[in-house]
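These notes concern the structure reproduced below.
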Amino acid sequence: MKYITTAIAYLNGAPHVGHALDFLLADVLNRYQKSRGETTFLQTGTDEHGQKVASKAKALGISPQELCDENSALFRALWQDLDAKYDYFIRTTNPNHIKNCQEIWLKLAENGLIYKKPYHGWYCEGCESFITETEAREKNFTCPIHNQPLQEISEDNYFLKVTALIPQIKAAIERGRALSTLDALNGETTARSVGTADPSDDQYLKILPDFRASEILNLLEKSEDVSISRPKSQVSWGIPVPNDPDQTMYVWIDALSNYLTTGHWPASTQIIGKDILRFHAITWPAILLGLGLPLPRLLLTHGFVNVDGTKMSKSLGNVISPTEVIARYGTDAFRFYFLKYIPTCDDGDFTWAKYDAAYNDLANTLGNLVSRLANMNNKYFAGLIGTQNEQSIDKSDDSLPNIVKSLAKYHHFMQNLDFSDALTELFNHFRDINAEIDAAKPWTLAKSDDTLPELRNLLENWSSRVATLASALAPFLPTTSQKILAIFQPEKTVYNGEILFPKPETTTP
RNA sequence: CGCGGGGUAGAGCAGCCCGGUAGCUCGUUUGGCUCAUAACCAAAAGGUCGUUGGUUCAAAUCCAACCCCCGCAACCA
């Protein structure tokens with residue numbers, strides 16, 4: 001069983017292309033693993049509690065639950081728009097989730113990992129948030145946004161004893177680091193008793209990309225216990241702390257434990273953005289170890305999507321909505337851009353010009369190849385050209401681009417979760433076929449009966465390879481893949497002249 | 001001296017671990033082709049590989065120092 005999770009989206013705003021990237025990575029992995037015969041379960045959802053949601057709802061004059069209902073629906077709709085599929089969509093306002101959180105809290109408390117202590121901080125009423133000691137000092141204890149003095153507040157909070165578990169977390173990350181991605185995904189670990197640093201512990205947590213693991217190992221050196229509650233007066237919209245009516249759970253246990261709800265734990269892959277890595281690589285393992293549960297096997301950390309080289313932000317007003325982008329060229333084009341042109345583990349950039357260029361790449365390299373090939377099959381052999389089975393393709397000719405080699409590379413990249421490289425590999429092979437067609441000059445071969453058998457052979461070979469590559473393309477471009485496979489069938493070619501990726505009359509930047 | 005990432009052709013990137021003719025995609029120019037979506041194919045132009053120094057027969061690659069950009073620094077995917 002491969003259990004895949006996405007980060008759950010915080011509901012204080014509408015979905016943007018960054019969320020879409022997160023979801024797509026999960027969907028591609030899910031589809032790929034399924035195609036390899038794995039049983040999978042993909043969970044996503046929305047994180048709905050917290051003061052920001054409460055404030056926003058208040059500003060809109062609706063209840064927090066109403067706001068959550070509305071926004072949560074937007075995220076569900078995004079999955080649909082992306083042609084991405086989840087098995088379960090969790091909402092942290094679900095009654096069963098709330099009950100789970102309270103049980104988890106009690107268990108952690110029972111295991112001696114929760115304690116109460118006063119928390120000191122500098123608070124700005126305008127921002128409704130605390131500012132770190134250092135930052136407060138830098139700003140002369142005045143909020144630069146609201147231009148009013150910060151208040152020194154001391155309140156009681158519950159804390160999670162993360163520090164007690166740091167040695168185990170560190171060891172697990174180091175063990176994960178030593179494993180290949182494939183081994184990490186397929187490995188098994190056993191849960192250990194709480195709070196032990198048993199030397200025979202086999203728990204591991206692989207973090208991708210590797211430099212993120214360094215980042216975390218560094219951070220672990222100076223990690224402190226984490227505050228996991230707030231006075232109810234401060235955070236009204238949240239899960240009540242069991243046995244303490246004055247306190248509300250503050251983000252961690254509430255949001256992170258969503259992954260446990262459906263009972264498929266441990267996750268095989270958790271997909272997260274780089275901003276929440278530390279919570280998934282430190283706080284979350286601490287909670288799991290505190291509960292005696294196994295760690296997730298792999299954390300895939302992706303970067304951010306910038307717009308025109310700048311960070312997307314509401315204040316800059318440059319937030320791109322996925323719906324808007326999908327409207328331009330459709331779902332598969334959207335998936336293509338975000339999976340090929342945005343590096344899987346690094347920051348990427350979105351601009352309309354780049355998006356148009358990527359669409360041209362898709363239309364010219366793949367769309368045009370399909371249509372030129374299908375047309376030739378129709379024109380020269382009335383469509384009576386089928387695909388050959390895989391074994392007969394490129395049998396031993398090393399001088400030709402070898403489909404077997406391409407597929408091997410593709411699988412290698414997929415198994416290492418290098419999705420953009422895997423897609424690039426497939427497109428390189430499409431390019432190769434385009435070049436071969438030009439070199440073989442089929443239109444010349446068609447002119448003489450003597451060369452017709454040779455032409456038939458070539459067309460069969462190309463059609464077969466395109467079909468094979470189209471199958472491999474399925475996790476990325478599900479609709480396109482199906483369309484191509486419907487054209488190049490085992491016994492014949494069925495093509496009605498449909499243009500896979502039509503270009504607009506004028507391409508505006 | 002907080003931590004991390006990066007600086008390679010007009011743009012976006014690979015190559016660096018394991019030193020040996022600097023590569024890919026897009027763009028530009030020229031040529032070719034006609035099966036095809038004004039597409040496809042080929043060729044060319046375009047780079048002092050951030051700077052300086054060191055090691056070496058040989059450095060984009062290893063070492064040292066420095067400069068610049070970008071993240072993170074307790075809930076922005």
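Lettering of chains follows the sequences in order, A, B, ..., and the numbering in each one begins at 1.
For Y341(A) (side chain) and F336(A) (main-chain N/O), no donor-acceptor pair under 3.5 Å exists by modelled atom type. Remark: side-chain polar atoms of T163(A) are not paired, donor with acceptor, to backbone N or O of D225(A) under 3.5 angstrom.
Listed nucleotides A77(B), C41(B), C26(B) differ in distance to D438(A); the shortest reach to its side chain belongs to C41(B). Listed candidates were A74(B), U37(B), C40(B). Nearest to the side chain of V226(A) is A74(B). Taking the side chain of W443(A) as heavy atoms from C-beta on, and the options U37(B), A74(B), C35(B), the nearest nucleotide is C35(B). Distances were taken from every side-chain heavy atom of D275(A) (C-beta onward) to each of C40(B), C76(B), C75(B); the shortest belongs to C76(B). Relative to the side chain of K274(A), the nucleotides G71(B), C41(B), U37(B) differ in distance, and G71(B) lies closest. Of the candidate nucleotides C40(B), A42(B), G12(B), G12(B) has the atom lying nearest to any side-chain atom of K354(A). Among the nucleotides U37(B), C35(B), C75(B), the one closest to the side chain of I276(A) is C75(B).
Side-chain polar atoms of Q43(A) and N258(A) form a donor-acceptor pair below 3.5 angstrom. Under 3.5 Å, the side chains of W284(A) and Q270(A) contain a donor-acceptor pair of N or O atoms. Side-chain N/O atoms of T44(A) and T6(A) include a donor and acceptor closer than 3.5 Å.
At the heavy-atom level, F427(A) lies nowhere under 4.0 Å from the strands shown. G273(A) comes within 4.0 angstrom of the backbone, heavy atoms only, and of no base. At a threshold of 4.0 angstrom between heavy atoms, the contacts of G303(A) include nucleobase atoms, whether or not backbone atoms are also involved. The residue F501(A) sits close to a base: some heavy atom pair falls under 4.0 Å. At the heavy-atom level, L21(A) lies nowhere under 4.0 Å from the strands shown. Using a 4.0 Å heavy-atom distance criterion, N368(A) is classed as a base contact. At a threshold of 4.0 angstrom between heavy atoms, the contacts of V305(A) include nucleobase atoms, whether or not backbone atoms are also involved. If you check every strand for non-hydrogen atoms under 4.0 Å, A363(A) touches a base.
Counting non-hydrogen atoms of neighbouring residues, nucleotides and ligands closer than 6.0 angstrom, the NZ atom of K58(A) reaches no more than 12 such neighbours.
For Y10(A), no side-chain nitrogen or oxygen approaches OP1 or OP2 of A77(B) to under 4.0 Å. For the pair R431(A) and C26(B), the criterion of a side-chain N or O lying under 4.0 Å from OP1 or OP2 is met. Distances shorter than 4.0 Å separate some side-chain N or O of N364(A) from OP1 or OP2 on C40(B).
Nucleotides G50(B) and C17(B) place their P atoms 15 Å apart, quoted to the nearest Å. Nucleotides G6(B) and G46(B) place their P atoms 30 Å apart, quoted to the nearest Å. Atom name P, nucleotides U52(B) and A59(B): the rounded distance is 14 Å, in whole Å. Taking atom P on both C13(B) and C70(B), the two are 15 Å apart, rounded to the nearest angstrom. Only the P atoms considered, A38(B) is 36 Å distant from G15(B), to the nearest whole Å. U8(B) and C69(B): their C1' atoms are spaced 15 Å apart (whole Å). Taking atom P on both nucleotides, C49(B) is separated from C26(B) by 25 Å, rounded to a whole Å. One P atom belongs to U25(B), the other to C33(B), and the distance between them is 23 Å to the nearest Å.
Between the P atom of C72(B) and the CD1 atom of I282(A) lies a distance of 16 Å, rounded to the nearest Å. For the pair Y355(A) OH and G12(B) C1', the interatomic distance rounds to 18 Å; values are reported in whole Å. For the pair R278(A) CZ and C75(B) P, the computed distance is 9 Å after rounding to whole Å. When rounded to the nearest whole Å, the span between NZ of K441(A) and C1' of C40(B) equals 12 Å. The distance between atom CG of D361(A) and atom C1' of G12(B), rounded to the nearest whole Å, is 13 Å. Across the protein-nucleic acid pair, F159(A) atom CZ and A74(B) atom C1' stand 11 Å apart, rounded to whole Å. Separating the CG atom of L11(A) from the C1' atom of C76(B) is a distance of 13 Å, rounded to the nearest angstrom. Between the CD1 atom of I216(A) and the C1' atom of A73(B) there is a distance of 12 Å, given to the nearest Å.
Ion pair D421(A)/K409(A) not flagged as a salt bridge, since none of the NZ, NE, NH1 or NH2 atoms sits closer than 4.0 Å to an Asp/Glu carboxylate oxygen.
Base-pair partner of A64(B): U52(B) (Watson-Crick or G-U wobble, both distances under 3.5 Å). Pair assignment for G71(B) gives C3(B), based on Watson-Crick or G-U wobble hydrogen-bonding distances that are each under 3.5 Å. Of all nucleotides present, only C24(B) satisfies the Watson-Crick or G-U wobble test against G12(B), with each distance under 3.5 Å. If you check U30(B) for Watson-Crick or wobble pairing at under 3.5 angstrom, you find it paired to A42(B). In this entry A77(B) has no Watson-Crick or G-U wobble partner, no candidate having both defining distances under 3.5 Å.
Mapped onto RNA chain B by nearest heavy atom, A439(A) and N428(A) fall at different nucleotides, with N428(A) at the one closer to the 5' end. The residue among W252(A) and A435(A) whose nearest nucleotide of RNA chain B lies closer to the 5′ end is A435(A).
Taking the six-membered ring for Trp and thresholds of 30 and 60 degrees, W252(A) and Y250(A) have ring planes more than 60 degrees apart, a perpendicular arrangement.
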Hey, what are the protein-to-nucleotides 1-5 of chain B N/O distances that come in under 3.5 Å?
{"residue": "G2(B)", "atom": "O2'", "partner": "K222(A)", "partner atom": "NZ", "Å": "3.3"}
{"residue": "C3(B)", "atom": "O3'", "partner": "N218(A)", "partner atom": "ND2", "Å": "3.1"}
{"residue": "G4(B)", "atom": "OP1", "partner": "N218(A)", "partner atom": "ND2", "Å": "3.4"}
{"residue": "G4(B)", "atom": "O2'", "partner": "E215(A)", "partner atom": "OE1", "Å": "3.2"}

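Screening Y355(A), F334(A), F304(A) for a ring-ring contact (aromatic ring centres under 6.0 Å, His included) with F350(A), the sole residue that qualifies is Y355(A).
Y115(A) OH to Y158(A) OH: the interatomic distance, rounded to the nearest 0.5 Å, is 13.0 Å.
Cation-pi geometry between K354(A) and Y337(A) is not satisfied (NZ or CZ under 6.0 Å from the ring centre, within 45° of the ring normal).
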